[in-house]
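Keep in mind that the numbers below use all heavy atoms, side chains included, and drop hydrogens, waters and symmetry copies. Just so we're on the same page: letters track the sequence lines, and every chain starts at 1. Just so we're clear, the structure is a prediction, and the values are computed from it rather than from any experiment.
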Protein chains: 2
Amino acid sequence: MEQPDEFKKVSMAVIKRLPKYHQCLLNLLKDNVERVSSQKLSKILGFTASQIRQDLNNFGEFGQQGYGYNVSQLYTEISKILGLNTSHKMVLVGAGNLGQALANYTGFSTHGFNIVAIFDSNPKLVGRKIKDISIYHVEDIEYIINENDVDIAILAVPQDKAEKIAIKISKTCIRGIWNFTPKEITVNSDIVVENVHLIDSLFTLSYHINEGKLQERLIKQKRKISLTHR
Amino acid sequence: MEQPDEFKKVSMAVIKRLPKYHQCLLNLLKDNVERVSSQKLSKILGFTASQIRQDLNNFGEFGQQGYGYNVSQLYTEISKILGLNTSHKMVLVGAGNLGQALANYTGFSTHGFNIVAIFDSNPKLVGRKIKDISIYHVEDIEYIINENDVDIAILAVPQDKAEKIAIKISKTCIRGIWNFTPKEITVNSDIVVENVHLIDSLFTLSYHINEGKLQERLIKQKRKISLTHR
DNA sequence: ATATTTATGTTAAAACTATCACAAACGGGG
DNA sequence: CCCCGTTTGTGATAGTTTTAACATAAATAT
């Protein structure tokens, strides 16, 4: 069960913070800041300085006592950790509303994530282009992914088609699926799935809005005498 | 520091799982399943049965020994907890690509979240409609929000405009902001902010894809002798 | 009726995360 | 060259979340 120290798994909590460090360091870099302490990062990010030091130490000793961290160096390191030093080829599956919005969004390509092909089952869309990227029919997806050595598939299809396409994709060289469908995707292979469940996010917001009213209800609830069913 | 038991705060981890319970129970309801045990839910959701029982117990005693949970009743309870028993009025700020995609998406309205107005600063868009919802100029936003008793503002504007609009909005009757801009939003009042940071999500995916290669790098890194700066 | 099975709510333990605290190391000024 | 202030990396500590275990109670079978 015990793993050698060097392979100690980095916790999910840490991983989720990495993009924040990346973003923050990029901003500092743009402002020509040369060095930064965990203290300063703490102020900007709202995490404790201690946590920042521990987070970074999961990946190496990037800092220096009495000096702090070199912004440029740390930025480079975190970029490497996140796999941002190499560019990534993506395909977009589903050219509906959401799909089109994602295709039109340029923010990803500035970080080296480029959509190289779009797929849809609607014959009216096939053959068209969005931002110079051709839309192909889904039946060609396996071939095109393998041929172009694509990394990531963005899933923006209707819910009921998600499973079928995920299975198709899992037989290609794809490494990760960025899933925008509400469906929970399970692929047997070692493909990574990252979910963007908008409804969950909206419901969480709704919960917090509702929280005040809830408190009153809770008290009553807890005092309630359990009733027999039927 | 100690709070009375009844007001014990529900942890974020639990809250994030509530939408999953909601979704799952809706599916069971559709399949006319009358009762369900934590065991069965565990199979479907992939959480442990123990966790499910503990999660639900944060809000009340909804189950019955030897019987389990009544699907319909539990669904209703969780809906109430999430604030889904009443409908919510939303405004969409920003009718760009992402904004249009969100406006066209019908999934929210089936859960009682309705967009009642759209705002943009582009005069070419103002006056048009998306799915029968009018696009107004942003300068009218405060008036329209208050007049219509709007709950939630969806922020889908360019990054640099996010802060300004957030401040505007915070002076209205709005209760929550659903933030799709990469910017971290801070409003002083008791408005709830829920972030959808797509780039973070993509980077997390990239991290996991990159994880294998990283392991090798890590070992070297840890053995590296620290060098002096400059 | 009664026994057996099912399955909850809850307490206790384990696992995981975040924070604290400090020795060790470096930079910079005299 | 040495001292002093700074700031890291890390081991100890505190806090949170998850999992396990079980007493208790209802449902079902006999």
Side-chain angles (χ1 to χ4, degrees), chain A residues 1-3 5-6 8-18 20-21 33-43 45-71 73-74 77 218 221-230, chain B residues 1-3 5-6 8-18 20-21 33-43 45-71 73-74 77 218 221-230:
Chain A
M1 210 74 250
E2 269 289 305
Q3 288 204 315
D5 218 44
E6 286 145 325
K8 195 174 56 192
K9 210 173 116 275
V10 178
S11 85
M12 202 52 182
V14 176
I15 296 166
K16 294 271 186 197
R17 280 190 295 269
L18 289 177
K20 305 289 181 199
Y21 293 127
V33 179
E34 200 182 87
R35 52 185 262 192
V36 69
S37 64
S38 57
Q39 188 93 173
K40 284 221 192 75
L41 286 171
S42 169
K43 286 254 174 58
L45 288 163
F47 315 147
T48 65
S50 196
Q51 181 166 60
I52 291 166
R53 291 201 298 279
Q54 284 227 337
D55 281 358
L56 298 177
N57 259 87
N58 279 288
F59 302 99
E61 304 180 11
F62 304 126
Q64 195 107 113
Q65 279 106 326
Y67 175 89
Y69 301 89
N70 178 287
V71 172
Q73 185 201 314
L74 186 56
E77 289 296 339
L218 268 184
Q221 191 62 49
K222 278 283 180 190
R223 286 193 189 135
K224 160 196 101 167
I225 299 137
S226 276
L227 296 166
T228 314
H229 279 281
R230 200 146 343 176
Chain B
M1 211 75 248
E2 269 290 304
Q3 288 204 317
D5 217 45
E6 285 145 327
K8 196 172 56 193
K9 210 173 114 274
V10 178
S11 85
M12 201 53 182
V14 176
I15 296 164
K16 294 271 187 197
R17 280 190 294 269
L18 289 177
K20 305 290 180 195
Y21 293 127
V33 179
E34 200 181 87
R35 52 185 260 191
V36 69
S37 64
S38 57
Q39 187 93 173
K40 283 221 193 75
L41 285 171
S42 169
K43 285 254 174 61
L45 288 163
F47 314 150
T48 64
S50 196
Q51 181 167 60
I52 291 166
R53 292 201 298 277
Q54 285 226 344
D55 282 357
L56 298 177
N57 260 86
N58 279 287
F59 303 99
E61 304 179 13
F62 304 126
Q64 193 107 113
Q65 279 108 324
Y67 175 88
Y69 301 90
N70 179 288
V71 172
Q73 184 200 315
L74 187 57
E77 290 296 339
L218 267 184
Q221 191 62 51
K222 278 282 178 188
R223 287 196 188 129
K224 166 195 97 169
I225 299 135
S226 277
L227 296 166
T228 314
H229 279 282
R230 200 143 348 174

Cation-pi check, A:Arg35 onto A:Tyr69 ring (under 6.0 Å, within 45° of axis): no
d(CZ, A:Phe59; P, D:dG9) in whole Å: 14 Å
Closest listed nucleotide, where the reference is the side chain of B:Ser11 and the choices are D:dA20, C:dG9, D:dT17: D:dT17
Produce the list of close N/O pairs, under 3.5 Å, pairing protein atoms with atoms of nucleotides 5-7 of chain D; give distances to one decimal.
| residue | atom | partner | partner atom | Å |
| --- | --- | --- | --- | --- |
| D:dT6 | O2 | A:Gly66 | N | 3.4 |
| D:dT7 | O4' | A:Gly66 | N | 3.0 |
| D:dT7 | O2 | A:Gly66 | N | 3.4 |

Salt bridge (Lys or Arg N to Asp or Glu O under 4.0 Å): pairs with one or both residues in residues 47-59 of chain B, sequence neighbours excluded: B:Arg17-B:Asp55
Base C:dT19 paired with A:Gln54 side chain (donor-acceptor, <3.5 Å): yes
Residue B:Glu61, side-chain heavy atoms: nucleotide from D:dA12, C:dA21, C:dT10 that is nearest: C:dT10
Interatomic distance where CG belongs to A:Asp55 and P belongs to C:dT17 [whole Å]: 11 Å
For atom CG of A:Leu74 and atom P of D:dT8, their distance in whole Å: 11 Å
Sugar-phosphate only, base, or nothing, as touched by B:Thr48 at under 4.0 Å among non-hydrogen atoms: sugar-phosphate
Nearest-angstrom distance from the residue atom CZ of B:Arg17 to C1' of D:dT16: 12 Å
Value in whole Å for how far the P atom of D:dG9 lies from CD1 of A:Ile52: 12 Å
Residues in side chain to side chain contact (heavy atoms under 4.5 Å, CB included) contact with B:Lys20, at least two apart in sequence or another chain: A:Glu184, A:His197, A:Asp200, B:Leu45, B:Phe47
